[in-house]
Amino acid sequence: MNADDPLASEAVDADGIAAPFGAYSQAVIAPSGRRLMVFSGRLGVAADGSCPQGVRAQAELILRDIDLLLRAAGGDRSDVLRLSAFVTERAHMGDYMKARDAWVSDLDPLPASTLMIVSGFTRPEFLVEIEALAALR
């Protein structure tokens, strides 16, 4: 626990397990006294209904939308405990991870993370979907 902020999340690691493959925590503990915010899976669809081309552009739009939803609830990205992402091809993993890594670059602890390859979404132009779990102060 962060002595400077008793409501700060805490990353957990353990001896004898493999290190993370990227910019994420093995596990994260949310302290008591926070409100849980659960996000539906978000697709890269702009407010005008358009969908940017490319995984990175879609992921950046989705992460921006998560920021907006967090702000609307009185939080920010430091409240995110977990990101789960789904991409349609193994080749898309790198571009998704670039967007995610930039989004989490200032966070401590880093959120937990899951990345899966799926066969597709409701429309072929959708290449990535992201869900989040946050604990608001």
Test salt bridge (Lys or Arg N to Asp or Glu O under 4.0 Å) on R56 and E60 and set out the steps. CA-CA 6 Å; R56 188 164 184 180; E60 288 170 346; 3.2 Å; yes
Can you give me the closest heavy-atom contact between [X] and [Y], atom names plus distance?
X	Y	answer
A8	P31	O-CG, 3.3 Å
R123	G49	NH2-O, 4.3 Å
M93	V87	CG-CG2, 4.0 Å
A134	L70	CB-CD2, 3.9 Å
A23	L110	C-CD1, 3.6 Å
V45	F126	CG2-CE2, 3.3 Å

Would a hydrophobic clustering, with Ile, Leu, Val, Met, Phe, Trp and Tyr connected at side-chain separations under 4.5 Å, put [X] with [Y]?
X	Y	value
F39	L107	yes
L115	V55	yes
Y24	W103	no
L63	F121	no
V80	I62	yes

Are R82 and S25 side-chain neighbours, meaning at least one heavy-atom pair lies under 4.5 Å? no
side-chain contact (heavy atoms from CB on, under 4.5 Å) between R77 and D67, worked out: CA-CA 6 Å; R77 69 179 68 166; D67 279 332; 2.4 Å; yes
Could you grab the distance from atom [atom1] of [X] to atom [atom2] of [Y], nearest 0.5 Å is fine?
X	Y	atom1	atom2	result
R35	R137	CZ	CZ	12.0 Å
C51	Q58	SG	CD	4.0 Å
H92	M97	NE2	CE	15.0 Å
T114	F86	OG1	CZ	7.5 Å

With respect to R42, which candidate in V128, D65, L61 satisfies the side-chain contact (heavy atoms from CB on, under 4.5 Å) definition? D65
Are more than 12 heavy atoms from other residues, nucleotides or ligands located less than 6.0 Å from atom CG of D48? yes
Within a reach of under 6.0 Å around CD of Q53, are more than 12 heavy atoms found that belong to other residues, nucleotides or ligands?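 Open.
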R100 and S113: side-chain donor and acceptor closer than 3.5 Å? yes
Salt bridge or not between R71 and D76? Use side-chain N to carboxylate O under 4.0 Å. no
For T88 and I117, what are the C-alpha separation, side-chain angles and deciding distance, and is it a side-chain contact (heavy atoms from CB on, under 4.5 Å)? CA-CA 6 Å; T88 56; I117 300 165; over 6 Å; no
Side-chain hydrophobic cluster, 4.5 Å single linkage: members besides L81: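 Listed partners: V28.
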Pair I17-Q26, side-chain contact (heavy atoms from CB on, under 4.5 Å): steps then yes or no: CA-CA 9 Å; I17 63 175; Q26 301 278 15; 3.9 Å; yes
Does the side-chain contact (heavy atoms from CB on, under 4.5 Å) test come out yes or no for R34 and D79, once each step is laid out? CA-CA 9 Å; R34 287 199 175 190; D79 295 320; 3.8 Å; yes
